[in-house]
Amino acid sequence: MGLRSRLKDTLGALLGGTQDTERRPQPYRSPVASIIDDARAQERAQAEERARAEEATRAQRLTPASPAAAPAAPEPPKDADAEEKQRKFMARARKGLLTKVSEAGGSIPLGELHDHSEKRYFIAHRAFSTLMEEMVAEGLLDYESGTGIARLTEAGRAVMSGA
């Protein structure tokens, strides 16, 4: 918009007139660009919805259940043997990761620990993040986000030794 148009619009607004925006040519907008913009907006909305759902699930998992909010009858496990196997496997993987950190001198870059977890225990991405969050929360490992280094704690050494 040029200086003349701005002056004209400002003067018109001060004198109580309406701006003549309908006469101004609108920039050309391709129909394909509109479709792409709509698709991107829809993808953003879906991503935000997924993030809200994940946050709600995480908050529900981390929030202690109050007695009033507990269901009347707990659901029976669908396959108790499978759940027990999963629990044992995660305990073995946890101990294996702690051993890897110990073998590396008590501290290891998170990338190396992730690679070991993926190759040895087939635990990667979200499951690895959850496992690391649990180990840090239990005090088995300390994690420095600035350097990306995981350090073994005394509690982690005690779990490794089986105490």
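Hydrogens, waters and symmetry mates are skipped; everything else that's a heavy atom, side chains included, is used.
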Check ion pair E43-R40 (N to O, under 4.0 angstrom): no
Identify which one of E118, E133, H114 satisfies the side-chain contact (heavy atoms from CB on, under 4.5 Å) criterion when paired with F128. H114
Under the rule for side-chain contact (heavy atoms from CB on, under 4.5 Å), what residues qualify as partners of E112, not counting sequence neighbours? I108, P109
Nearest-0.5 Å distance, OG1 of residue T99 to CE of residue M160: 4.5 Å
With E103, which residues qualify under salt bridge (charged side-chain N to carboxylate O under 4.0 Å, His left out), at least two apart? none
Using side-chain heavy atoms (C-beta onward) and a distance below 4.5 Å, is L11 in contact with L7? no
Salt bridge between R157 and E154, side-chain N to carboxylate O under 4.0 Å? yes
How close do S117 and L97 get, counting heavy atoms only, and between which atoms? CB-CD2, 3.8 Å
Let me confirm one number: the CZ-CD distance from R50 to E55, rounded to the nearest 0.5 Å. 15.0 Å
Carefully, step by step, assess L152 and L141 under the rule side-chain contact (heavy atoms from CB on, under 4.5 Å). CA-CA 5 Å; L152 189 62; L141 289 176; 4.0 Å; yes
Provide the closest heavy-atom pair for Y121 versus H116 in the form atom of the first, atom of the second, distance. CE1-NE2, 4.0 Å
For the pair T130 (side chain) and R126 (backbone), establish whether a donor and an acceptor sit closer than 3.5 Å, ignoring hydrogens and angles. yes
As an exercise, state the distance from CZ of R52 to CD of E48, rounded to the nearest 0.5 Å. 6.0 Å
Quick check on R4: does its CZ atom have over 12 non-hydrogen neighbours (other residues, nucleotides or ligands) under 6.0 Å away? no
Tightest non-hydrogen contact, residues M132 and L110, listed as CE-CD1, 3.5 Å
Nearest heavy-atom contact between E144 and T147 is OE1-OG1, 3.0 Å
Heavy-atom pair with the smallest gap, counting every atom of L113 and K100: CD1-CG, 4.1 Å
Considering all heavy atoms of both residues, which atom of A155 and which atom of G139 are nearest to each other, and what is their separation? CB-O, 3.6 Å
Using modelled atom types and a 3.5 Å cut-off, is there a donor and acceptor pairing between side-chain atoms of S107 and backbone atoms of A150? no
Evaluate the side-chain contact (heavy atoms from CB on, under 4.5 Å) criterion for residues K95 and V159: first the C-alpha distance (whole Å), next the side-chain angles of each, then the deciding distance (0.1 Å), finally the verdict. CA-CA 7 Å; K95 191 170 181 179; V159 168; 5.5 Å; no
Using 0.5 Å steps for rounding, measure from the CE atom of M135 to the CZ atom of R94. 6.5 Å
